[in-house]
Amino acid sequence: MLKKLIRKEFVLSVAPLILPFAILVAICAFLTLAGATGMTGFVTFIIPLSYIEARLQNKDKYYDIQLPVTRKQIVQAVYLSLVIWEMACVAALALLMVPSKLWYDNEEGILPLNFVMLGVSLIVCALCNMVAPTIYFSNVKNKIFAISLSTACVAMNPIVIAAVCITSLTVNDVAVLNGYNADWLWLRATILAASAALFAALTAISYAVSKKIFSKQTV
Amino acid sequence: MLKIDKLCKKMNNAFSLRDVTFEVPDGMIVGFVGANGAGKTTTLKCVINAVVPDSGNIEIFGLNAAEHEEEVKQRIGYAAGAFECFLQLRLSKIAASYSTFFEQWDKAIFDKLCAIFGLDISQRVRELSQGMKVKFALALALSHHAELYIFDEPTSGLDPIIRDEVLELFRDIVSDGKTSILFSTHITSDLDKVADRVVYIDNGAIVLDTPKDELLDSHVLVRGSRESLTAELEERAIAVKRNEFGFVALVERSKLPDVTSCTTEKPTVEDVMVFYNKELHSENAF
């Protein structure tokens with residue numbers, strides 16, 4: 001039954017997100033080539049977040065509830081779908097990094113550090129995104145606590161990305177010394193700030209949706 | 001088939017359900033009525049385990065509903081108004097995914113229902129009108145040979161012709177004597193047409209739970225001029241409504257006094273609901 005549920009998650013909830021995902025990947029590919037490594041975070045998490053939003057919105061519509069499955073199975077399916085999705089995103093973005101200019105400059109010791117930071121941020125954000133719906137969907141008695149905690153988990157995304165931005169910019173001071181054009185740094189800073197703002201907005205939406213659902217006293 | 005026993009649920013520190021107890025016997029259509037916020041939807045959500053009750057017991061097919069959720073839901077068809085999920089997807093895709101969960105999914109029935117309802121399964125959900133979304137929800141719920149159907153406002157948003165067809169379909173479903181339907185509605189004429197039993201909930205508590213015919217036969221609607229309204233009739237009436245031409249009162253047949261100067265008639269389910277509601281909330285009247 002779990003396998004069926006996961007398949008359902010991908011067919012009904014994830015598949016419609018693939019087109020916007022492809023567009024974002026294309027944008028990201030361009031920006032990554034331009035050196036905006038932080039943008040990868042944006043693409044990696046926008047879809048899982050959209051997925052969570054979609055799940056939260058659809059949760060209230062009884063589709064899952066009328067299926068012959070338990071609440072626990074629904075939570076497990078959402079969790080596993082997120083794991084698969086996040087991992088697929090990370091793999092896709094890692095591939096996107098390969099042809100970037102930075103890849104070839106790693107002899108300077110800059111790229112590996114960026115990669116480490118990126119890797120850590122990906123893992124932290126992925127965990128946060130996965131934990132959020134799990135807490136929310138689980139049958140926690142204190143609903144307000146569950147909503148706050150899950151929202152906080154999703155809110156970790158902008159915090160992590162912002163931390164990566166700041167560190168990345170500091171690191172790239174070294175990159176400038178190594179012959180990078182300083183204009184690219186401003187572009188990167190702008191994109192990263194926009195990403196962080198977008199994540200903050202998504203968090204707010206997530207909270208609003210959660211509250212709305214909570215007020216209706218479903219699952 | 002379905003037994004609900006002393007179901008209690010508190011929401012926002014107020015009782016939403018108070019000792020709700022009733023049964024849905026085999027082969028019957030049970031109409032579940034009440035005002036907005038009376039507790040109808042909460043009760044139905046408890047039955048399908050979308051809301052966890054604070055206390056009480058729900059037994060379906062002789063099994064505890066919460067403990068045997070998977071098994072029980074295989075045998076339940078549930079629809080709650082319009083289908084509002086996955087708006088960007090085509091109906092065929094949703095139905096294909098839905099069908100994988102039910103052991104007894106019958107594509108022939110689904111296709112037949114789509115034809116009856118005029119549903120084009122190549123359409124996307126967002127392209128459907130509200131009424132068509134209701135029909136799609138019903139088509140999904142009715143296509144896996146369930147033994148118990150639970151519908152929350154199944155006919156709201158449907159035009160009178162389709163509504164009539166849906167109600168006919170309900171009659172066909174229960175004609176085998178084994179399948180049962182529990183449905184909530186605001187459209188009391190639907191109850192007049194198909195319900196075998198009526199359960200009336202008010203403010204989270206069951207007020208009436210009786211076979212429809214018995215309910216209608218045991219009450220009388222009395223109409224007359226203002227002068228013909230006697231103190232005895234007013235005292236015995238469940239409720240009295242006055243207007244500029246006279247009065248209308250609902251009285252239990254067994255308590256009916258001499259009303260030769262008035263006219264009497266058999267009430268509809270709506271009359272009974274309205275008068276009981278008036279009696280229950282008389283202290284809040286203007």
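Everything numeric here is computed off the predicted structure, so don't read it as measured data. We name chains A, B, ... by the order of the sequence lines, and we start the count at 1 in each one.
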Q | Portion of Glu70(B) that has a non-hydrogen atom of chain A nearer than 4.5 angstrom | A | both
Q) Can you tell me how far the OG1 atom of Thr70(A) sits from the CD atom of Glu67(B), to the nearest 0.5 Å? A) 13.5 Å
Q: Step through the shown structure and confirm whether more than 12 heavy atoms of other residues, nucleotides or ligands are within 6.0 Å of NZ on Lys93(B).
A: no
Q: Flag the one option from Ile150(B), Val72(B), Thr100(B) with the top tally of heavy-atom pairs under 4.5 Å to chain A.
A: Thr100(B)
**Q.** Nearest atoms (heavy-atom pairs only) where Gln66(A) meets Phe102(B)
**A.** O-CZ, 3.7 Å
Q | Contacting moiety of Gln74(B), where chain A heavy atoms sit under 4.5 Å | A | both
Q | Over all atoms of both residues, closest heavy-atom pair of Pro68(A) and Lys73(B) | A | CA-CB, 3.6 Å
**Q.** Shortest non-hydrogen contact from Leu89(B) toward Val11(A)
**A.** CD1-O, 4.2 Å
